[in-house]
Novice: 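My questions will all concern the structure given below.
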Amino acid sequence: MADLVYTVLTALWLFLPAYIANMSPVFVGGLGPIDGGRYWSDGRRILGDGKSWGGLLFAPVVAGVLTLVLDWLHSVVPWLEANFPEWGASPLVAFVMAYAFGLGAIVGDATESFFKRRVGKARGEPWIGFDQLDFVVGAFVFGLLFAGALAALGVTSGFWFTDRWTLPRVLVILILTPALHLLVNWIGFKIGKKEVPW
Ligand code: CTP
Ligand code: MG
């Protein structure tokens, strides 16, 4: 039991950069749509107005900066230091990997919007499963690529990704993220911030 709780809490902790990046565009979005308002050959928008340059450029930076703050907290709060893994052996590694998870989250989300438009779903229309996991897949793919680059450059010793992302932790994120997503939306609906409970 204690093992499972530990796996769940450390997985959520390590995935915070992706969660932060995924929530940031509502605050830092803008600068116009990434697709420039253009249409695909099917007559629908390439990505749609929900994918903006501001989100793509700033959300990964927000994830990187807030992770540096959390990383600092980790170093000054003994309980955190004793129980939770650090994002990197140095602030540079922590920032780069948080940026990677954040960028992957945003690119994964935009990729999902591309396919969402192709199957004819309008901006904001739900696409259950895909809406919840798009950024998770993107974050893990970019995390793996950036971790590989840091290892190849000799910045990290060992392999950042597999040192932290054990299979149980990856499974925790894949299973809990859709549930958390639905919970947050349901709370938003209950307090009157959202029109639909999903
Ligand atoms: N957002 C943004 N830029 C991005 C991603 C998101 O500005 N690259 C903002 C938009 O205001 C968007 C909101 O964050 O409406 C929530 O993102 P999401 O739920 O993914 O977008 P939807 O509006 O639902 O659009 P889609 O149907 O394309 O997923
Ligand atoms: Mg989406």
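Whatever order the structure lists ligands and atoms in, that order sets their numbers, starting from 1.
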Novice: Relative to the Mg ion (ligand 2), which of the N, O or S atoms in Asp109 is the closest?
Specialist: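 That would be atom OD1.
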Novice: Going by the order shown, which atoms of ligand 1 are within less than 4.0 Å of some heavy atom of Lys116?
Specialist: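 Counting from 1, the qualifying ligand atoms are 26 (P), 27 (O), 29 (O).
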Novice: Not counting sequence neighbours, list each pair that qualifies as a salt bridge (Lys or Arg N to Asp or Glu O under 4.0 Å) and has a residue in residues 92-112.
Specialist: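 Those involving residues 92-112 are Lys51-Asp109.
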Novice: Nearest non-hydrogen atom to atom 9 (C) of ligand 1 belongs to which of Ala21, Pro126, Gly50?
Specialist: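 The option holding the nearest heavy atom is Gly50.
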Novice: Identify which of Glu125, Arg117, Lys121, Lys51 has a heavy atom lying nearest to atom 27 (O) of ligand 1.
Specialist: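 Looking at heavy atoms only, Arg117 sits closest to atom 27 (O) of ligand 1.
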Novice: Mind checking whether Phe161 and Trp165 have parallel, tilted or perpendicular rings, split at 30° and 60°?
Specialist: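 The rings of Phe161 and Trp165 sit tilted, inter-plane angle from 30° to 60°.
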Novice: Is the closest heavy-atom distance from Gly124 to ligand 1 below 4.0 Å?
Specialist: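 True for this residue.
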Novice: Just which atoms of ligand 1 are under 4.0 Å from any heavy atom in Gly29?
Specialist: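 Answer for ligand 1: 7 (O).
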Novice: Write the atom name of the N, O or S atom in Glu112 that is nearest the Mg ion (ligand 2).
Specialist: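 When I compare the N, O and S atoms of Glu112, OE1 is nearest to the Mg ion (ligand 2).
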Novice: In the protein, what heavy atom is nearest to atom 16 (C) of ligand 1, and what distance, to one decimal place, separates them?
Specialist: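 Of the protein heavy atoms, Val26 CG2, 4.7 Å lies nearest.
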Novice: Quick check: do Ile46 and Tyr39 have side-chain heavy atoms less than 4.5 Å from each other?
Specialist: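 Ile46 does not reach Tyr39 side chain to side chain.
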Novice: Pull out every atom of ligand 1 sitting under 4.0 Å from any heavy atom of Ser52, numbered as shown with elements.
Specialist: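 With Ser52 as reference, the close atoms of ligand 1 come out as 2 (C), 3 (N), 4 (C), 7 (O), 8 (N).
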Novice: For atom 19 (O) of ligand 1, is the nearest protein heavy atom closer than 4.0 Å?
Specialist: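 Within 4.0 Å: no protein heavy atom nearby.
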Novice: If you measure from the Lys or Arg side-chain nitrogens to the Asp or Glu carboxylate oxygens, is any gap between Arg117 and Asp42 under 4.0 Å?
Specialist: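 A salt bridge is absent here (no side-chain N lies under 4.0 Å from a carboxylate O).
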Novice: Just jot down the ligand 1 atoms closer than 4.0 angstrom to any heavy atom of Ser113, in number order.
Specialist: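 It comes down to these atoms of ligand 1: 26 (P), 28 (O), 29 (O).
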Novice: Kindly give the atom name of the N, O or S atom of Asp134 closest to the Mg ion (ligand 2).
Specialist: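 Looking at Asp134, the N, O or S atom with the least distance to the Mg ion (ligand 2) is OD2.
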Novice: Compute the centroid of each ring, for Trp87 and then for Trp13, and state whether the two points are separated by less than 6.0 Å.
Specialist: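 Yes.
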Novice: Hey, is the Mg ion (ligand 2) within less than 2.8 Å of some N/O/S atom on Asp131?
Specialist: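 It does not; every qualifying atom lies at 2.8 Å or beyond.
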Novice: Does the protein place a non-hydrogen atom closer than 4.0 angstrom to atom 2 (C) of ligand 1?
Specialist: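 Yes, because at least one protein heavy atom sits under 4.0 Å from atom 2 (C) of ligand 1.
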Novice: Between Ser52 (side chain) and Gly30 (backbone), is there a donor-acceptor pair under 3.5 Å?
Specialist: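 Here the side-chain-to-backbone pair exists.
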Novice: Please list the nearest protein heavy atom to atom 15 (O) of ligand 1 with its residue and the distance rounded to 0.1 Å.
Specialist: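 The closest heavy atom on the protein side is Arg123 NH2, 2.8 Å.
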Novice: What protein heavy atom sits nearest atom 14 (O) of ligand 1, and how far away is it?
Specialist: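 Checked against all protein heavy atoms, atom 14 (O) of ligand 1 sits closest to Pro25 CB, 3.8 Å.
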Novice: Do Phe146 and Trp160 have their ring centres less than 6.0 Å from each other?
Specialist: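 Judged by ring-centre distance (under 6.0 Å), Phe146 and Trp160 do not meet the cut-off.
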Novice: In terms of heavy-atom contacts, does CZ of Phe115 have more than 12 from other residues, nucleotides or ligands at under 6.0 Å?
Specialist: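 Counting other residues, nucleotides and ligands, CZ of Phe115 stays at 12 neighbours or fewer.
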Novice: Distance-only, no hydrogens or angles: does the Asp131 side chain make a donor-acceptor pair with backbone N or O of Trp127 under 3.5 Å?
Specialist: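 Such a contact is found between Asp131 side chain and Trp127 backbone.
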Novice: Does Phe140 have its ring centroid less than 6.0 Å away from the ring centroid of Phe15?
Specialist: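 Ring centroids of Phe140 and Phe15 are less than 6.0 Å from each other.
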Novice: If we ignore angles and hydrogens, is there a donor and acceptor under 3.5 Å between the side chains of Thr67 and Tyr99?
Specialist: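 No - no donor-acceptor pair under 3.5 Å links their side chains.
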Novice: Need the ligand 1 atom indices (1-based, order shown) with element for anything under 4.0 Å from a heavy-atom of Asp109.
Specialist: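 Within the 4.0 Å cut-off of Asp109, ligand 1 contributes 5 (C), 20 (O).
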